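For clarity, every value in this text was computed on a predicted model and none was experimentally measured. All values below come from the heavy atoms of this structure, side chains included, with hydrogens, waters and symmetry mates left out.
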Amino acid sequence: MSVKFEITKTEKGEYHFKLLDSGGKTLLRSEGYNAKASCTNGIESVRRNAVDDARYDLKSASDGRPYFNLKASNGQIIGTSPMFADAHACATAVAATKSAAAGAAVDDKS
């Protein structure tokens with residue numbers, strides 16, 4: 001399995017995407033979108049912005065676990081990572097996102 005985007009639809013009708021690593025673990029997840037086209041645009045924004053170090057905003061949760069937000073050029077958050085056990089795991093996820101997002105296939109499960 002290679003890195004891929006996965007689009008899903010909730011029972012409330014919202015579309016979401018996740019960027020999954022080769023083992024199926026989430027690297028990045030989106031907010032909810034009312035329209036599938038908006039969700040697809042979000043994926044394209046991740047592809048464009050993932051290669052730029054300046055677009056990553058490294059954060060710490062209240063319990064100290066690291067995570068990151070990927071932002072578009074306008075500062076809007078386009079994806080948030082899960083919480084990681086340590087800074088090394090977070091840095092590994094950033095590197096994987098940077099290297100694979102642009103060429104990742106889309107698996108539409110909506």
Applying side-chain hydrogen bond (donor to acceptor under 3.5 Å, both in side chains) as the test, list every pair that has at least one member in residues 74-86; sequence neighbours left out.
Asn69-Thr80

Are Phe68 and Thr97 side-chain neighbours, meaning at least one heavy-atom pair lies under 4.5 Å?
yes

Rounded to the nearest 0.5 angstrom, the CD1-CG distance for Ile77 and Asp57 is 7.0 Å

From OG1 (Thr8) to CZ (Arg29), nearest 0.5 Å
12.0 Å

Is the Tyr15-Tyr33 ring centre distance short of 6.0 angstrom?
no

Could you tell me whether Asp108 and Lys36 make a salt bridge, using a distance below 4.0 angstrom between a side-chain N and a carboxylate O?
yes

Between atom NZ of Lys71 and atom OH of Tyr56, what is the distance when rounded to the nearest 0.5 Å?
13.5 Å

Val94 vs Asp53 side-chain heavy atoms within contact, under 4.5 Å:
no

Does any part of the side chain of Val106, heavy atoms only, come nearer than 4.5 Å to the side chain of Ile43, both counted from C-beta?
yes

From CG (Asp107) to NZ (Lys4), nearest 0.5 Å:
4.0 Å

Would you call the rings of Phe17 and Phe5 parallel, tilted or perpendicular, taking 30° and 60° as the class edges?
perpendicular

OG on Ser30 to CG on Leu70, rounded to 0.5 Å
11.5 Å

Are more than 12 heavy atoms from other residues, nucleotides or ligands located less than 6.0 Å from atom CG of Asn34?
no

Taking only residues at least two apart or on different chains, which pairs with a member in residues 41-51 satisfy side-chain hydrogen bond (donor to acceptor under 3.5 Å, both in side chains)?
Glu44-Arg47, Ser45-Asn49, Asn49-Arg55

Return the SG to NZ distance between Cys90 and Lys59, rounded to the nearest 0.5 Å.
12.0 Å

Using side chain to side chain contact (heavy atoms under 4.5 Å, CB included), reason through Val3 and Leu19 one step at a time and then give a plain yes or no.
CA-CA 7 Å; Val3 176; Leu19 179 62; 3.6 Å; yes

So, the side chain of Thr26 versus the backbone of Leu28: is there a donor-acceptor pair under 3.5 Å, distance only?
no

Can Val46 be reached from Tyr67 by stepping across I, L, V, M, F, W or Y side chains whose heavy atoms are under 4.5 Å apart?
no

